Amino acid sequence: LPLRFDWRDKHVVNQVRNQKMCGGCWAFSVVTAIESACAIQGKPLDYLSVQQVIDCSFNNYGCSGGSPLSALSWLNKTQVKLMEDSEYPFKAENGLCRYFPQSQSGVSIKDFSAYDFSGQEDEMAKALLNFGPLVVIVDAVSWQDYLGGIIQHHCSSGEANHAVLITGFDKTGNTPYWMVHNSWGNSWGIDGYAHVKMGGNVCGIADSVSVVFV
Amino acid sequence: TWPWSHRREAAALRESLNRHRYLNSFSHDNSSASYGLNQFSYLSPEEFKALYLGSKPAWSPRYPAAEQKPIPNVS
């Protein structure tokens, strides 16, 4: 493993978005991972429609909450093509699912996988390097007050309530950390990112880790 | 004579300030996280959870780490 790695350095991660007053973090994390997976394959780094996932993923609850695993499962089973964000823009509230003709261009996923990496965060770092940014769920109650620095306390494993994306890690300092892409706008945390200590499954970051293939 | 919503926000802000003192008391070095006023400070923890924490817990199988086999003694 390198001491430091960040997919942002490869220009394959979109800017942090703002979910506003919509509990759609599960959709933001999945869609941002798909955007990066496409870019890693050499396609343009486009913004895809989070609203489409919020409106159409019937096994979730839109802005009232959901699970990235259910969203990935739905995308995989239905082979729905995700539209560009400009075609189906985010409006921070639930809406009626819009359908598009098969001829319309869009992105569908090929597969996904999800594992519990607790106690194996070095293996998790290898997965990040090999496959791309990782969708994870965390206990983010204490993130309400976060300003910066490395999160090491005040959260638990096994009590996930928020979905985010890991884009990299840094083991060059005394406290190795994950770089966590959030969806609360770039004025929150470190330009929209949080740093979470690696090792120890802090905030349950390794409890359910998903990778998407396009 | 503030409207109720302002009084509620002021109460949430006071609660946030108390919370920040507690959360920052665990910082032992300058790389540790710091906590303070941000765009969510006017929300109570319950409001914050209801509005921004929209993911449900999920179960995933354990990652099958590569099995390590002992190397037999060879001359």
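The structure presented is a predicted model; accordingly, all values stated were derived computationally and were not measured. Quick note: numbers below take in every heavy atom, side chains included, and nothing from hydrogens, waters or symmetry partners. In what follows, chains carry the letters A, B, and so on, assigned in the order in which the sequence lines appear, proteins first and then strands, with residues in each chain numbered from 1.
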By a 4.5 Å heavy-atom criterion (distance strictly below it), what part of [X] contacts chain B: side chain, backbone, both, or neither?
X: A/Asp207; answer: backbone
X: A/Glu123; answer: side chain
X: A/Ile151; answer: both
X: A/Ser113; answer: neither
X: A/His154; answer: side chain
X: A/Cys63; answer: neither
X: A/Lys197; answer: neither
X: A/Thr175; answer: side chain

> If you measure only the distance, is there a donor-acceptor pair under 3.5 Å linking the side chains of B/Ser41 and B/Ser16?
Replying inline: no
>> For a quick check under 3.5 Å, do A/Ser118 and A/Asn201 share a side-chain donor-acceptor pair by atom type?
In response: no
>> Please classify the contact between B/Arg19 and chain A as side chain, backbone, both or neither, with a heavy-atom cut-off of under 4.5 Å.
In response: side chain
> If you round to the nearest 0.5 Å, how far is CZ of A/Phe169 from CE of A/Met179?
Replying inline: 8.5 Å
> Do you know which of B/Gly36, B/Ala58, B/Pro57 has the most heavy-atom pairs with chain A at a distance under 4.5 angstrom?
Replying inline: B/Gly36
> Is the number of heavy atoms from other residues, nucleotides or ligands under 6.0 Å of B/Gln39 CD greater than 12?
Replying inline: yes
> Do B/Tyr35 and B/Tyr22 have their ring centres less than 6.0 Å from each other?
Replying inline: no
>> For the aromatic rings, using the six-membered ring if either is Trp, is the centroid distance between B/Tyr52 and B/Phe40 under 6.0 Å?
In response: yes
>> Here's one to test your reading of the geometry: is the NZ or CZ of A/Arg17 within 45 degrees of the ring axis of A/Phe90 and under 6.0 Å from its centre?
In response: no
